[in-house]
**Student:** 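Let me give you the structure first, and then I'll get to my questions.
Order of listing sets the numbers, starting from 1, for every ligand and every atom in it. When reading the values below, keep in mind they use all heavy atoms of this one structure, side chains included, and skip hydrogens, waters and symmetry mates.
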Amino acid sequence: MIYYFSGTGNSKWVAEQLASKTSDVAENMIGQATIPSIDNQAIGLVFPIHAWGVPEPVMDFVKQLSGKPEFAFGVCTYGGEAGLAMERLSDSFPLDSAYSIIMPNNYVMGSELESREKIASKIADARAKLDQIAEQIIAKQPVFDVYTGNFPWIKSSLFNMGFNVAARRTSPFFVTDKCISCGQCARDCPVKTITMIDGRPQWGKECYQCTACINLCPTKAIEYGKGTAMRCRYWIEDYLEQKTP
Ligand SMILES: Cc1cc2nc3c(=O)[nH]c(=O)nc-3n(C[C@H](O)[C@H](O)[C@H](O)COP(=O)(O)O)c2cc1C
């Protein structure tokens, strides 16, 4: 089984591609009705890098898993550098193999996103790399193929702590008049922090900053502070010829 966490679809797509190439099944780790048993099974974890670290729901998920897998692999998707996230994950949930796959950056609150050409080229490169990873997973090869980037220790400790403590605020979120009250943001939110009040989304306190609400809004009505108004939005489905289920 391959479990994924995903905000804008990159990690979901990677998990589904790997599942299809290795005759496995991909499932969202959010919303699992029961705690999955992984005893003697091959298990994969696919998720985005958030601030050179592992997103909180992924760490929460692995801490609940019971049993000893026959083979465990992790794949992180990232925009530029992954830091020591896979080492940190392996401290809590030992991995036999770890990979990173560079994908389009979705952190619209942090900076302008990439051009359409750059996004398309990253996805094309990822397709080629996925073939290679799938072969190694089928052969259960122990591989550590992760791009950590520069000064990973500082980024994965101090910067990551700063992100988790100070940058996951919801107070800067607001909607403009473009909001059509469709409620998609509330449905997409993995932590269910968004409630629709008088047809407008209201954010609660908890937030992973996955960017699903702001990036997937069909009318681009969601903003975060003053920085996002002039920036593009990203959702992988806009770049796939065949939409994923
Ligand atoms: C809050 C946040 C922090 C991020 N931090 C990093 C980072 O430290 N390094 C990096 O390379 N990409 C970073 N990214 C980019 C994502 O890891 C990348 O776009 C990922 O593929 C998104 O996957 P998803 O669509 O499955 O959510 C960050 C994205 C978000 C939303």
Side-chain angles (χ1 to χ4, degrees), residues 2-18 26-30 44-58 61 74-89 99-115 118-119 121-123 125-127 129-130 146-170 172-173 188-191 193 206-216 222 224-225 227-228 231-240 244:
I2 301 177
Y3 293 102
Y4 64 83
F5 170 67
S6 186
T8 52
N10 289 351
S11 310
K12 176 174 186 269
W13 178 75
V14 164
E16 287 171 346
Q17 291 287 310
L18 284 176
E27 275 190 11
N28 197 338
M29 63 178 77
I30 300 288
L45 301 165
V46 186
F47 58 87
I49 292 295
H50 282 180
W52 301 275
V54 183
E56 185 184 316
V58 180
F61 180 75
V75 183
C76 63
T77 71
Y78 71 107
E81 50 186 31
L84 299 181
M86 299 313 268
E87 283 89 340
R88 296 283 149 79
L89 176 62
Y99 299 90
S100 61
I101 300 194
I102 192 161
M103 289 291 288
N105 176 32
N106 67 352
Y107 193 22
V108 62
M109 293 88 125
S111 61
E112 177 55 292
L113 301 182
E114 291 144 328
S115 67
K118 175 84 181 168
I119 290 172
S121 124
K122 276 183 156 182
I123 294 173
D125 291 349
R127 282 184 195 279
K129 181 156 184 176
L130 280 164
V146 177
Y147 180 67
T148 56
N150 295 322
F151 309 108
W153 188 87
I154 293 181
K155 291 172 180 169
S156 295
S157 49
L158 296 182
F159 293 3
N160 180 258
M161 194 194 303
F163 166 76
N164 283 309
V165 170
R168 284 170 48 186
R169 292 176 306 126
T170 56
F173 279 117
D188 287 338
C189 177
V191 72
T193 210
E206 207 181 346
C207 177
Y208 303 136
Q209 295 264 309
C210 75
T211 77
C213 61
I214 187 166
N215 272 313
L216 273 58
I222 299 177
Y224 191 84
T228 56
R231 291 181 192 155
C232 301
R233 299 294 188 263
Y234 170 74
W235 183 32
I236 193 171
E237 294 287 329
D238 292 336
Y239 293 85
L240 300 178
T244 53

**Student:** What atoms in ligand 1 come closer than 4.0 Å to a heavy atom of A51?
**Tutor:** 3 (C), 4 (C), 5 (N), 6 (C), 7 (C), 8 (O)
**Student:** Answer with side chain, backbone, both or neither: which part of S6 has a heavy atom less than 4.0 angstrom from an atom of ligand 1?
**Tutor:** both
**Student:** Can you tell which part of T211 has a heavy atom less than 4.0 Å from ligand 1: side chain, backbone, both or neither?
**Tutor:** side chain
**Student:** Taking both backbone and side-chain atoms of S11, is any N or O found less than 3.5 Å from an N or O belonging to ligand 1?
**Tutor:** yes
**Student:** What atoms of ligand 1 come closer than 4.0 angstrom to any heavy atom of G7?
**Tutor:** 24 (P), 26 (O), 27 (O)
**Student:** How far is atom 22 (C) of ligand 1 from the closest protein heavy atom, and which atom is that?
**Tutor:** N106 ND2, 3.4 Å
**Student:** When you measure from atom 6 (C) of ligand 1 to every protein heavy atom, which one gives the shortest distance, and what is it?
**Tutor:** I49 O, 3.5 Å
**Student:** Which ligand 1 atoms, with their elements, are less than 4.0 angstrom from a heavy-atom of F163?
**Tutor:** 1 (C)
**Student:** Give the atom numbers and elements of ligand 1 that come within less than 4.0 Å of a heavy atom of G9.
**Tutor:** 25 (O)
**Student:** What is the minimum heavy-atom distance between T77 and V14, and which atoms define it?
**Tutor:** CG2-CG2, 3.8 Å
**Student:** Testing W153, F159, F151 one by one against W52 for a ring pair (Phe, Tyr, Trp, His ring centres under 6.0 Å), which residue passes?
**Tutor:** F159
**Student:** Among all protein heavy atoms, pick out the one at the shortest distance from atom 25 (O) of ligand 1; state its residue, atom name and that distance to 0.1 Å.
**Tutor:** T8 OG1, 2.6 Å
**Student:** Heavy-atom pairs closer than 4.0 Å: do any link ligand 1 to the side chain of M103, the backbone, both, or neither?
**Tutor:** side chain
**Student:** Quick check, are the ring centers of Y4 and F47 under 6.0 angstrom apart?
**Tutor:** no
**Student:** K155 side chain to N150 main-chain N or O, any donor-acceptor pair under 3.5 Å?
**Tutor:** yes
**Student:** Work out which heavy atom in Q209 is nearest to a heavy atom in R169; give both atom names and the distance.
**Tutor:** NE2-O, 3.3 Å
**Student:** What is the minimum heavy-atom distance between F173 and C213, and which atoms define it?
**Tutor:** CE2-SG, 3.7 Å
**Student:** Name the closest protein heavy atom to atom 15 (C) of ligand 1, giving the residue it belongs to and the distance to 0.1 Å.
**Tutor:** N105 OD1, 3.3 Å
**Student:** Distance check, rounded to the nearest 0.5 Å: W235 atom CH2 versus N215 atom CG?
**Tutor:** 11.0 Å
**Student:** Got a second to check how far S157's OG is from R88's CZ, nearest 0.5 Å?
**Tutor:** 6.0 Å
**Student:** Any idea which protein heavy atom is nearest atom 30 (C) of ligand 1, and the distance to it?
**Tutor:** H50 CD2, 3.5 Å
**Student:** So which protein heavy atom does atom 20 (C) of ligand 1 come closest to, and at what separation?
**Tutor:** T77 OG1, 3.3 Å
**Student:** Which protein heavy atom lies closest to atom 12 (N) of ligand 1, and at what distance to 0.1 Å?
**Tutor:** G79 N, 3.1 Å
**Student:** Using a strict 4.0 Å cut-off to heavy atoms of P104, name the atoms of ligand 1 that fall inside it.
**Tutor:** 18 (C), 19 (O), 21 (O)
**Student:** In the protein, which heavy atom is nearest to atom 8 (O) of ligand 1, and how far is it?
**Tutor:** W52 N, 2.8 Å
**Student:** So does S6 get a backbone contact from the side chain of S11, meaning a donor-acceptor N/O pair under 3.5 Å?
**Tutor:** no
**Student:** Ignoring hydrogens, what is the shortest heavy-atom contact between A212 and G7? Give both atom names and the distance.
**Tutor:** CB-O, 3.4 Å
**Student:** Under the side-chain contact (heavy atoms from CB on, under 4.5 Å) test against Y234, which residue among N105, L216, T8 passes?
**Tutor:** T8
**Student:** May I ask you to check whether N10 has an N/O atom sitting below 3.5 Å from an N/O atom of ligand 1?
**Tutor:** yes
**Student:** Using side-chain contact (heavy atoms from CB on, under 4.5 Å) as the criterion, point out the one residue from V75, V46, L130 that pairs with Y99.
**Tutor:** V75
**Student:** Considering R168, E81, K122, Q209 one by one, which has a heavy atom nearer to atom 9 (N) of ligand 1 than any of the others?
**Tutor:** E81
**Student:** Which atoms of ligand 1 are found less than 4.0 Å from any heavy atom of G80?
**Tutor:** 10 (C), 11 (O)
